[in-house]
Amino acid sequence: QLQLVESGGGLVHSGGSLRLSCTASGSTLSNYPIAWFRQAPGKEREGVSRLNFGGASTDYANSVKGRFTISIDNTKNTAYLQMNSLKPEDSAVYYCAAGPRNFVPRNPLETYEYETWGQGTQVTVSS
């Protein structure tokens, strides 16, 4: 059974960078569609980026396009979210998620497309 663990969050100044990791166990991560979501206090969980199974296609929310990059290292069974030029409004708990094996989400940045979630990692960007 696939399990996901995020790491890499922390406190960074505006304009700084962080790289989040999502390490999988129990199954091969590249066989699943993967996404990163975030949730700020009092707000709904929103999709940030996604990678289809096989890793050939990506999508990004408009708010992070050009600043964030999603990737996967199959040798480490780990997905990453590289976050550059961070802004205070990027502050949130970040979650990685995986959909069903070999599944193609119709709406890949929507939470209901994903069934396995990590525990989240806090990102705080100071101004």
Side-chain angles (χ1 to χ4, degrees):
Q1 183 175 355
L2 182 68
Q3 294 183 313
L4 304 173
V5 177
E6 302 96 333
S7 60
L11 174 63
V12 64
H13 290 298
S14 182
S17 297
L18 282 174
R19 188 179 75 161
L20 305 183
S21 300
C22 173
T23 301
S25 61
S27 192
T28 302
L29 189 57
S30 61
N31 290 332
Y32 300 80
I34 305 159
W36 285 95
F37 292 82
R38 65 186 182 187
Q39 188 166 20
K43 295 189 176 181
E44 291 188 356
R45 192 169 297 189
E46 63 169 346
V48 173
S49 181
R50 73 98 178 186
L51 186 69
N52 71 328
F53 76 85
S57 179
T58 60
D59 283 304
Y60 297 91
N62 287 334
S63 58
V64 306
K65 206 169 288 185
R67 300 188 297 123
F68 290 12
T69 303
I70 190 170
S71 62
I72 188 170
D73 185 336
N74 294 325
T75 66
K76 297 182 179 179
N77 213 28
T78 298
Y80 300 97
L81 186 68
Q82 177 67 45
M83 306 186 297
N84 299 328
S85 302
L86 282 162
K87 306 174 182 180
E89 51 264 43
D90 294 318
S91 297
V93 178
Y94 283 71
Y95 300 89
C96 67
R101 182 184 175 95
N102 296 336
F103 178 65
V104 180
R106 182 181 294 272
N107 297 290
L109 292 181
E110 295 292 340
T111 57
Y112 56 77
E113 298 281 18
Y114 298 90
E115 60 183 13
T116 302
W117 293 80
Q119 83 289 350
T121 186
Q122 176 71 49
V123 171
T124 303
V125 184
S126 62
S127 57

Is the NZ atom of K65 crowded by more than 12 outside heavy atoms at less than 6.0 Å?
yes
Does NZ or CZ of R101 lie under 6.0 Å from the centre of the six-membered ring of F53, at an angle within 45° of the ring axis?
no
Is it true that a side-chain atom of T78 and a backbone atom of K76 form a donor plus acceptor pair closer than 3.5 Å?
yes
Taking side chain as C-beta onward, heavy atoms only, is L109 less than 4.5 Å from Y60?
no
Out of E6, E44, E46, which residue meets the salt bridge (charged side-chain N to carboxylate O under 4.0 Å, His left out) rule with R38?
E46
Q3 atom CD: more than 12 heavy-atom contacts under 6.0 Å
no
Any side-chain heavy-atom pair of I72 and L29 under 4.5 Å
yes
So S91 and V125, do their side chains get closer than 4.5 Å, heavy atoms only?
yes
Has D59 got a side-chain atom pairing as donor or acceptor with R50's backbone, closer than 3.5 angstrom?
no
So, Y32 versus N102: side-chain donor-acceptor pair below 3.5 Å or not?
no
Under 3.5 Å: donor-acceptor pair, side chain of N74, backbone of S30:
no
Could you pull out all donor-acceptor pairs under 3.5 Å where a side-chain atom in residues 7-22 meets a protein atom, sequence neighbours excluded?
residue : atom : partner : partner atom : Å
H13     : ND1  : S126    : OG           : 3.0
S17     : OG   : N84     : OD1          : 2.9

